[in-house]
Amino acid sequence: MAVTVVVGTQWGDEGKAKVIDLLAASHAIVARYQGGHNAGHTVVIGDQKYALQLTPSGVFYDTVTPVIGNGVVVDLPTLFAEIDSLESRGISTDRLKVSSLAHLIFPWHQAIDAALEAGRGEAKIGTTLKGIGPAYVDKVRRSGIRVGEVMHLGAFEEKLRARAIAANIELADMGATPVDVDAVVKNFVQLAQRLAPYVADTVNLLHDARERGEAILLEGAQATFLDVDHGTYPYVTSSNPVSGGAAVGSGLGPRHIDRVVGIAKAYTTRVGMGPFPSELTNELGDALVEIGREFGTVTGRRRRTGWLDTVMLRHATRVNSLTDIALTKLDVLDTFDEVKVCVAYRINGEVVRQYPDTVERLAEVEPVYETLPGWKSSTEGITSFDALPESARALVAIVERETGIPVSMVGTGPSRDAMVVRS
Ligand code: GDP
Ligand code: IMO
Ligand code: MG
């Protein structure tokens, strides 16, 4: 498979990075295509755990070129902190390329994000406060500053100062604290100089690699139901994590994408606000948090938890044209007496199998469950499908029946090799 997209099928944190790390061994390039440092991608190699926010999860292989694609919004302080941290742990970041077309995040984006959230009161989204939404607003209203502009430092500095002054007017209007223009300009001119060696025409780089027959992995951040178009708007992020976004955010056209792997947890989690039909607000939900260690990688927030929802997975299969699914964190369910799977919704007494098109309707649905007996035995580290307990295999079968596509991988632990890979 020449070009593969890895995409989240729920509300994020499905274990995308672990799957990318596993697949990266047979790929020449791993490229992020949207989002920014709102992502928290965990890779566990032996006794070492790495939490990445911007660096593509293929960085651990010296055979892989990690690429930050044009669709990403880049926070330079985070990028360099991550590079320094990886280097200090013996991971080389020399091959990293950052698209000249990607947009930069500045401190005023974070200040605006915080002011907007404060203004929403009860209706807040629960963003990561990383400035992601405001940075994409600047991109779309054509006042953003792009990575390639750091190659012309004089013009970059001038534009940076003008943008900082304009942002302060906006912040004052919102009743928020302005940024220190001189300090921001000084800091970002230095960061711009440090960025210069990484800047590349990644669109042509990806096409050249593909034409040479090299395999490319496109790494999604966030997920289908956080997508600004297809997610639970307004409780979403400001980019397109769906596979169509991988074409836009990398510059590889839709016909160049050969495989789309959807990552789904064997249950469901969500950080931040918004509807969640299969949510468990009882002790079972607490058990999922405890056993699954469901605390945000980036913000440390407790994730909301619930049963697996195949109505969502069916919709994710459609909008991403998924070819196969990786079902992760199966081992987290090992001790449960029973395991439920939502297979339909009940709305006003009517049973529907189709995902509703408005967040208001979604908020009204009642999940219809299929219940499996718990397998009550450890699946940790299992790598063969036949070695999984019968009830766990039945769970996989429900996912395949409801989505109509194969489950190609099953996660049985955080580490790189704790995975059933079915050929
Ligand atoms: P991502 O944002 O989709 O890359 O996922 P995160 O890294 O935010 O969250 C997934 C968490 O689950 C991380 O702590 C992973 O180490 C862990 N994880 C991934 N796959 C498995 C699995 O199969 N079993 C268990 N127990 N943990 C897993
Ligand atoms: P990964 O890539 C889970 C959520 C936030 C909030 C909403 C909007 O690790 O799966 P934003 O800061 O993007 O404007 O916040 O989206 N969110 C995530 N939730 N995993 C993520 O990334 C997320 N990135 C953003 O919690 O509800
Ligand atoms: Mg995450």
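The basis for the numbers below is simple: all heavy atoms, side chains too, and nothing from hydrogens, waters or symmetry mates. One is the number of the first residue; the rest follow in order along the sequence.
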Problem set entry | Thr323 side-chain N/O to Val260 backbone N/O, donor-acceptor pair under 3.5 Å | yes
Exercise. If you measure from the Lys or Arg side-chain nitrogens to the Asp or Glu carboxylate oxygens, is any gap between Arg422 and Asp324 under 4.0 Å?
Worked result: no
For this session: Begin from the C-alpha positions of Tyr235 and Phe225 and carry the test ring pair (Phe, Tyr, Trp, His ring centres under 6.0 Å) through to its verdict.
Result: CA-CA 9 Å; Tyr235 304 101; Phe225 294 92; over 10 Å; no
Exercise. Side-chain contact, heavy-atom cut-off 4.5 Å: Val421 with Leu22?
Worked result: yes
For this session: Salt-bridge test for Asp84 and Arg194: reply yes if a basic N is under 4.0 Å from a carboxylate O, no otherwise.
Result: yes
Exercise. Thr55 and Leu86: side chain to side chain contact (heavy atoms under 4.5 Å, CB included), yes or no, with the steps?
Worked result: CA-CA 10 Å; Thr55 312; Leu86 286 166; 4.0 Å; yes
Problem set entry | Glu87 and Thr93: side chain donor to acceptor below 3.5 Å | yes
Problem set entry | Atom CD of Gln48 with >12 non-hydrogen neighbours under 6.0 angstrom | yes
Exercise. Hey, does Leu388 have a side-chain heavy atom less than 4.5 Å from the side chain of Leu330?
Worked result: yes
Exercise. After noting the C-alpha distance and the side-chain angles of Arg303 and Val271, does the key distance pass the side chain to side chain contact (heavy atoms under 4.5 Å, CB included) rule?
Worked result: CA-CA 5 Å; Arg303 296 178 185 141; Val271 215; 3.9 Å; yes
Problem set entry | Parallel, tilted or perpendicular: rings of His256 and His207 (30°, 60°) | perpendicular
For this session: Answer with yes or no after comparing the ring centroid distance for Phe336 and Tyr267 against a 6.0 Å cut-off, counting only values under it.
Result: no
For this session: Check whether any side-chain heavy atom of Met409 sits under 4.5 Å from a side-chain heavy atom of Val261, and report yes or no.
Result: yes
Exercise. So do the side chains of Tyr198 and Ser99 get within less than 4.5 Å of each other, counting heavy atoms only?
Worked result: no
Problem set entry | Shortest non-hydrogen contact from Pro56 toward Val30 | CB-O, 3.5 Å
Exercise. With side chains defined as the heavy atoms from C-beta onward, is the minimum distance between Arg416 and Phe60 less than 4.5 Å?
Worked result: yes
For this session: Please answer whether the main-chain N or O of Ile382 pairs with a side-chain N or O of Thr412 as donor and acceptor at a distance below 3.5 Å.
Result: yes
For this session: Determine, step by step, whether Val3 and Leu218 satisfy the side chain to side chain contact (heavy atoms under 4.5 Å, CB included) criterion, reporting the C-alpha distance in whole Å, the side-chain angles of both residues, the deciding distance to 0.1 Å, and the verdict.
Result: CA-CA 7 Å; Val3 179; Leu218 301 178; 3.9 Å; yes
Exercise. Under the 3.5 angstrom rule, does the side chain of Thr403 hit a backbone N or O of Val399 as a donor-acceptor pair?
Worked result: yes
For this session: Output yes when a side-chain donor or acceptor of Asp227 lies under 3.5 Å from a complementary backbone atom of Asp229, and no otherwise.
Result: yes
Seminar exercise, completed: side-chain hydrogen bond (donor to acceptor under 3.5 Å, both in side chains) test vs Thr127 passes for just one of Asn38, Thr237, Thr299, Asp113, namely Asp113
Problem set entry | Nearest-0.5 Å distance that lies between atom OG1 in Thr268 and atom CG in Asp309 | 6.0 Å
For this session: Check whether any side-chain N or O of Glu380 sits under 3.5 Å from a backbone N or O of Asp331 as a donor-acceptor pair, and report yes or no.
Result: no
For this session: Evaluate salt bridge (Lys or Arg N to Asp or Glu O under 4.0 Å) for Glu149 paired with Arg146, printing each intermediate quantity in order.
Result: CA-CA 6 Å; Glu149 297 183 53; Arg146 302 209 283 189; 5.1 Å; no
For this session: Look at the side chain of Asn70 and the backbone N and O of Val248, then say whether any donor-acceptor pair between them is shorter than 3.5 Å.
Result: yes
Problem set entry | Heavy-atom neighbours of Asn282 CG exceed 12 at 6.0 Å | yes
Problem set entry | Glu294: which of Lys329, Arg302, Arg304 passes salt bridge (Lys or Arg N to Asp or Glu O under 4.0 Å) | Lys329
For this session: Would you mind reporting whether Val359 and Tyr233 have side-chain heavy atoms less than 4.5 Å apart?
Result: no
Exercise. So how far is it from Thr78 OG1 to Lys130 NZ, rounded to the nearest 0.5 Å?
Worked result: 6.5 Å
Problem set entry | Salt bridge Glu170-Arg141, side-chain N to carboxylate O under 4.0 Å | yes
Exercise. So, are Glu14 and Lys265 salt-bridged, with charged N and O less than 4.0 Å apart?
Worked result: no
Seminar exercise, completed: Heavy atoms of Pro356 and Val365 approach each other most closely as CG-CG1, 4.1 Å
Exercise. Do side-chain atoms of Asn320 reach the backbone of Ser243 as a donor and acceptor pair under 3.5 angstrom?
Worked result: yes
Seminar exercise, completed: Distance col, row Asp258:CG vs Arg210:CZ, nearest 0.5 angstrom, shows 7.0 Å
For this session: For residues Leu195 and Val147, determine if any side-chain heavy atom of one lies less than 4.5 Å from a side-chain heavy atom of the other.
Result: yes
Exercise. Can a donor-acceptor pair be found between the side chains of His41 and Glu219 at a distance below 3.5 Å?
Worked result: yes
Problem set entry | Interatomic spacing from CG in Leu101 to OG1 in Thr202 - rounded to 0.5 Å | 6.5 Å
For this session: Search all heavy atoms of Pro367 against all heavy atoms of Cys342 and return the closest pair with its distance.
Result: CB-SG, 3.7 Å
Exercise. Quick one: CZ on Arg314 to OG1 on Thr9, what's the gap to the nearest 0.5 Å?
Worked result: 13.0 Å
Exercise. Are there more than 12 heavy atoms of other residues, nucleotides or ligands under 6.0 Å from atom CZ of Arg95?
Worked result: yes
Exercise. Do Asp75 and Gln53 have a side chain donor and acceptor closer than 3.5 Å?
Worked result: no
For this session: Return yes if some donor-acceptor pair links the side-chain N/O of Arg301 with the main-chain N/O of Gly126 below 3.5 Å, else return no.
Result: yes
For this session: Flag the pair Leu116 / Met174 as yes when at least one side-chain heavy-atom distance between them is below 4.5 Å, and no otherwise.
Result: yes
Exercise. Of the non-hydrogen atoms in Ala266 and Leu308, which two are nearest, and what is the gap between them?
Worked result: O-CB, 3.4 Å
Exercise. Are there more than 12 heavy atoms of other residues, nucleotides or ligands under 6.0 Å from atom CZ of Arg255?
Worked result: no
Exercise. Are Arg393 and Asp386 ion-paired here, with the side-chain N under 4.0 Å from a carboxylate O?
Worked result: no
For this session: Consider only side-chain N and O atoms of Arg401 and Thr310, and report whether a donor and an acceptor are under 3.5 Å apart.
Result: no
Exercise. Any idea which heavy atoms bring Thr297 and Gly40 closest together, and the distance?
Worked result: OG1-O, 3.8 Å
For this session: Verify side chain to side chain contact (heavy atoms under 4.5 Å, CB included) between Tyr345 and Arg353, making sure each step is shown before the conclusion.
Result: CA-CA 6 Å; Tyr345 295 153; Arg353 281 170 47 81; over 6 Å; no
For this session: List the steps and the verdict of salt bridge (Lys or Arg N to Asp or Glu O under 4.0 Å) for Arg163 and Asp138.
Result: CA-CA 10 Å; Arg163 286 298 304 131; Asp138 269 354; 3.1 Å; yes
Exercise. How many angstroms lie between OG in Ser278 and CD in Glu366, if you round to the nearest 0.5 Å?
Worked result: 13.0 Å
Problem set entry | Where Ser377 and Pro389 come nearest, the two heavy atoms and their spacing | OG-CG, 3.7 Å
For this session: Step through the shown structure and confirm whether more than 12 heavy atoms of other residues, nucleotides or ligands are within 6.0 Å of CZ on Arg120.
Result: yes
Exercise. Do NZ/NE/NH1/NH2 and the carboxylate oxygens of Asp337 and Lys376 come within less than 4.0 Å?
Worked result: yes
Problem set entry | Aromatic ring pairing Phe106/His109, orientation class (parallel under 30°, perpendicular over 60°, tilted between) | tilted
